[in-house]
Trainee: 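Sharing a structure with you now.
Every chain is numbered from 1, with letters handed out A, B, ... down the list of sequences.
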Protein chains: 2
Amino acid sequence: MNSSRFVVGTHIMVALAGKALLCGHFGMSTVVSSDELAFSVNTNPVVVRRLLSLLQKAGLVTSKAGRYGGTTLAASAQSITLRDVYEAVEEEGLFHAHYQGPNMHCAIGNSIEEILESPLSLAEKAMKEALSEYTIEGLVLEIMQIHKIGEKIEAGMTYEEIKQEFDQESTSALDKF
Amino acid sequence: MNSSRFVVGTHIMVALAGKALLCGHFGMSTVVSSDELAFSVNTNPVVVRRLLSLLQKAGLVTSKAGRYGGTTLAASAQSITLRDVYEAVEEEGLFHAHYQGPNMHCAIGNSIEEILESPLSLAEKAMKEALSEYTIEGLVLEIMQIHKIGEKIEAGMTYEEIKQEFDQESTSALDKF
DNA sequence: CACATACGTAACTATTAATGTTACAATAAC
DNA sequence: GTTATTGTAACATTAATAGTTACGTATGTG
């Protein structure tokens with residue numbers, strides 16, 4: 001796995017879930033545009049849309065074109081695990097075989113793929129099972145704790161006030177959460 | 001992981017262990033050259049030597065330059081697991097973070113790496129633990145069973161006779177096991 | 001010692017994958 | 001009809017992998 005798609009895809013999912021939780025609480029729109037996501041991820045909106053396309057094919061998000069369009073989660077953050085995100089955005093097959101294939105006229109070469117099948121698939125399965133222990137909701141709650149967002153809501157702060165605290169160091173006018 | 005280094009590295013280790021087991025039984029040299037390994041793997045000897053260099057740094061094999069030089073296992077095949085091979089030849093860090101880094105002026109961006117550290121390291125650990133269940137010896141025994149090499153030894157066949165059975169379809173004069 | 005064989009590694013090429021970017025058609029709200 | 005947004009094609013850039021050639025170094029054999 002040489003890509004950052006899984007980490008970026010997870011970032012996107014957490015951002016969508018965070019927006020849903022916070023803006024949902026204030027009765028505001030929970031739709032997020034690829035521009036906003038690209039700002040948070042620090043990349044190009046097209047890169048985000050490509051990932052959203054994969055996440056959409058996996059049924060994890062719903063996107064809508066046109067004015068006031070954007071993306072929302074297609075299921076509850078509680079029901080989506082890191083395994084779902086991984087499988088949505090990463091290629092099949094964690095381990096790659098020989099580029100040119102082994103020499104089949106060799107006792108080792110003609111059996112190596114057969115005997116490695118089980119170890120490699122079990123190792124990949126173990127990794128995915130570890131990822132399935134983490135939900136998007138769990139990650140969002142961690143972030144809310146780090147930034148004490150629950151306390152701010154309890155204290156009666158408005159959405160704008162909460163958001164402003166993250167805008168202070170930034171010069172951009174884009175929405176950050 | 002976009003490389004085939006782990007699969008090829010394992011192929012090499014199994015070939016070395018197979019040579020040690022079979023030639024050891026007949027009192028013959030158990031040293032294997034990078035040319036022989038490259039033949040089995042179906043690649044260039046330099047590619048093999050680069051992998052052997054990594055395996056050597058990890059203490060898994062011993063190489064010797066000069067005439068009648070080559071490589072042998074540095075430990076018993078029973079004591080070497082696929083995890084050892086994986087760690088010897090693959091890069092650190094199964095999961096890659098954002099290329100340009102997330103936007104730190106964002107509530108999600110500035111925490112995403114922190115909250116992903118635990119899930120990602122646990123997933124990688126789970127994968128490695130699955131690999132550690134398999135020894136090089138176990139894989140060699142599987143191959144010997146597939147080719148009924150134990151039975152051939154029991155039946156009194158010589159090394160040359162056993163080897164010849166794998167040479168039949170091949171046109172090369174190189175040693176294949 | 002001279003020779004033959006093999007490792008170790010640098011240097012270069014070719015191929016592939018990932019990311020970033022520009023551009024634009026299609027879509028949808030207002 | 002205007003504006004904002006997705007979806008995707010096309011292309012450029014960068015990095016990693018694998019393959020190859022070349023050559024210095026090491027070492028057993030005669």
Side-chain angles (χ1 to χ4, degrees), chain A residues 1-9 11-12 16 29 31-39 41-57 61-72 74 89-103 173-175, chain B residues 1-9 11-12 16 29 31-39 41-57 61-72 74 89-103 173-175:
Chain A
M1 207 172 29
N2 228 344
S3 82
S4 61
R5 285 199 300 270
F6 174 49
V7 169
V8 175
H11 184 143
I12 288 172
L16 291 175
S29 167
V31 174
V32 188
S33 73
S34 60
D35 262 19
E36 292 173 287
L37 291 169
F39 178 81
V41 170
N42 190 28
T43 185
N44 191 290
V46 176
V47 173
V48 169
R49 292 203 286 272
R50 279 201 287 244
L51 285 169
L52 287 174
S53 176
L54 293 172
L55 294 167
Q56 201 171 181
K57 276 167 193 152
V61 304
T62 307
S63 293
K64 207 172 63 170
R67 198 174 185 184
Y68 300 114
T71 303
T72 52
V89 301
E90 284 292 345
E91 280 183 328
E92 268 297 304
L94 178 58
F95 302 100
H96 295 326
H98 308 60
Y99 268 34
Q100 314 183 341
N103 184 341
L174 284 166
D175 197 351
Chain B
M1 206 172 29
N2 229 344
S3 82
S4 61
R5 286 199 299 270
F6 174 49
V7 169
V8 175
H11 184 143
I12 289 172
L16 291 175
S29 166
V31 173
V32 187
S33 73
S34 59
D35 262 18
E36 292 172 288
L37 290 169
F39 178 82
V41 169
N42 190 28
T43 186
N44 191 291
V46 176
V47 173
V48 169
R49 290 204 288 271
R50 279 201 288 242
L51 285 169
L52 286 174
S53 176
L54 293 172
L55 293 167
Q56 202 171 179
K57 276 168 194 152
V61 304
T62 307
S63 294
K64 208 172 64 172
R67 198 175 186 185
Y68 301 114
T71 304
T72 52
V89 301
E90 285 293 345
E91 280 184 328
E92 269 297 305
L94 177 57
F95 302 100
H96 294 325
H98 308 60
Y99 267 35
Q100 314 183 342
N103 184 341
L174 284 166
D175 197 352

Trainee: Of the candidate nucleotides D/dT8, C/dG8, C/dT19, which contains the atom at the shortest distance from the side chain of B/S63?
Mentor: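 The answer is C/dG8, which lies nearest to the side chain.
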Trainee: Please report the closest heavy-atom contact between B/S63 and B/T71, naming both atoms and the distance.
Mentor: OG-OG1, 2.8 Å
Trainee: A/K57 has an atom NZ; how far is it from atom P of D/dT6, in whole Å?
Mentor: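 Those two atoms, NZ and P, are 16 Å apart.
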Trainee: Any idea which of C/dA18, C/dT9, D/dG7 is nearest the A/S3 side chain?
Mentor: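 Between C/dA18, C/dT9, D/dG7, the one nearest the side chain of A/S3 would be C/dA18.
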Trainee: Whole angstrom is fine here: how far is it from CD in A/Q100 over to P in C/dT16?
Mentor: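 Rounded to whole Å, this separation is 12 Å.
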Trainee: Return whichever of B/E91 or B/V47 has its heavy-atom-nearest nucleotide of DNA chain D closer to the 5' end.
Mentor: B/E91
Trainee: Toward the 5' end of DNA chain C, which comes first, A/N42 or A/K64, by nearest nucleotide?
Mentor: A/N42
Trainee: B/N44 CG to C/dG8 P: how many Å, rounded?
Mentor: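 The distance from CG of B/N44 to P of C/dG8 comes to 15 Å, rounded to the nearest Å.
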Trainee: Side-chain N or O of B/Q56 less than 4.0 angstrom from OP1 or OP2 on C/dC7?
Mentor: no
Trainee: For a 4.5 angstrom cut-off between non-hydrogen side-chain atoms, does A/T72 reach A/T62?
Mentor: yes
Trainee: Reckon B/T71 touches a base, only the sugar-phosphate, or nothing at all at heavy-atom distances under 4.0 Å?
Mentor: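 It contacts nothing in the nucleic acid.
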Trainee: For A/Y68 and C/dA28, what is the distance between atoms OH and P respectively, to the nearest whole Å?
Mentor: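 Between P of C/dA28 and OH of A/Y68: 17 Å.
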Trainee: Counting just side-chain N and O atoms, does A/T43 come under 4.0 Å of either OP1 or OP2 of C/dG20?
Mentor: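 For C/dG20, OP1 or OP2 has a side-chain N or O of A/T43 closer than 4.0 Å.
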Trainee: What's the NE2-P distance between B/H98 and C/dA18, to the nearest Å?
Mentor: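 Spelled out: NE2 on B/H98 to P on C/dA18 is 17 Å.
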Trainee: Given side chains that start at C-beta, do those of A/D35 and A/V48 come closer than 4.5 Å, heavy atoms only?
Mentor: no
Trainee: Got a donor-acceptor contact below 3.5 angstrom from the B/N42 side chain to the A/G101 backbone?
Mentor: yes
Trainee: May I have the distance from A/L51 (atom CG) to C/dG20 (atom C1'), rounded to whole angstrom?
Mentor: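 Taking CG of A/L51 and C1' of C/dG20, I get 12 Å after rounding.
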Trainee: Mapping A/E90 and A/R67 onto DNA chain C by nearest heavy atom, which one lands closer to the 5' end?
Mentor: A/E90
Trainee: In whole angstroms, how far is the P atom of C/dT19 from the NE2 atom of B/H96?
Mentor: 9 Å
Trainee: So does B/V7 get a backbone contact from the side chain of B/S4, meaning a donor-acceptor N/O pair under 3.5 Å?
Mentor: no
Trainee: Under 4.0 Å, heavy atoms only, any strand: does B/G66 hit a base, just the sugar-phosphate, or nothing?
Mentor: base
Trainee: Of the listed nucleotides (C/dA23, C/dT9, D/dG19), which one gets closest to any side-chain atom of A/V46?
Mentor: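 The answer is C/dA23, which lies nearest to the side chain.
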Trainee: Between D/dT5, D/dA22, D/dT17, which nucleotide gets closest to the side-chain atoms of B/R49?
Mentor: D/dA22
Trainee: Applying a 4.0 Å non-hydrogen cut-off, can you work out what B/R50 is touching in the nucleic acid: base, sugar-phosphate, or nothing?
Mentor: base
Trainee: Counting only side-chain N and O atoms of A/S34, is one of them less than 4.0 Å from OP1 or OP2 of D/dT6?
Mentor: yes
Trainee: Heavy atoms from C-beta onward define the side chain here; which of C/dT9, D/dA18, D/dT21 lies closest to that of B/S53?
Mentor: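 For the B/S53 side chain, the nearest candidate turns out to be C/dT9.
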Trainee: Determine the interplanar angle of the A/F6 and B/F95 rings, folded into 0 to 90°, and report it as parallel if under 30°, tilted if 30 to 60°, perpendicular if over 60°.
Mentor: tilted
Trainee: Compare the minimum distances between each of C/dA18, D/dG7, C/dG8 and the side chain of A/R5, then state the nucleotide with the smallest one.
Mentor: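 Output: C/dA18.
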Trainee: Which nucleotide, D/dT29, C/dT19, D/dT21, lies nearest any side-chain atom of A/S4?
Mentor: C/dT19
Trainee: Whole-Å distance between C/dA17 P and A/F6 CZ?
Mentor: 22 Å
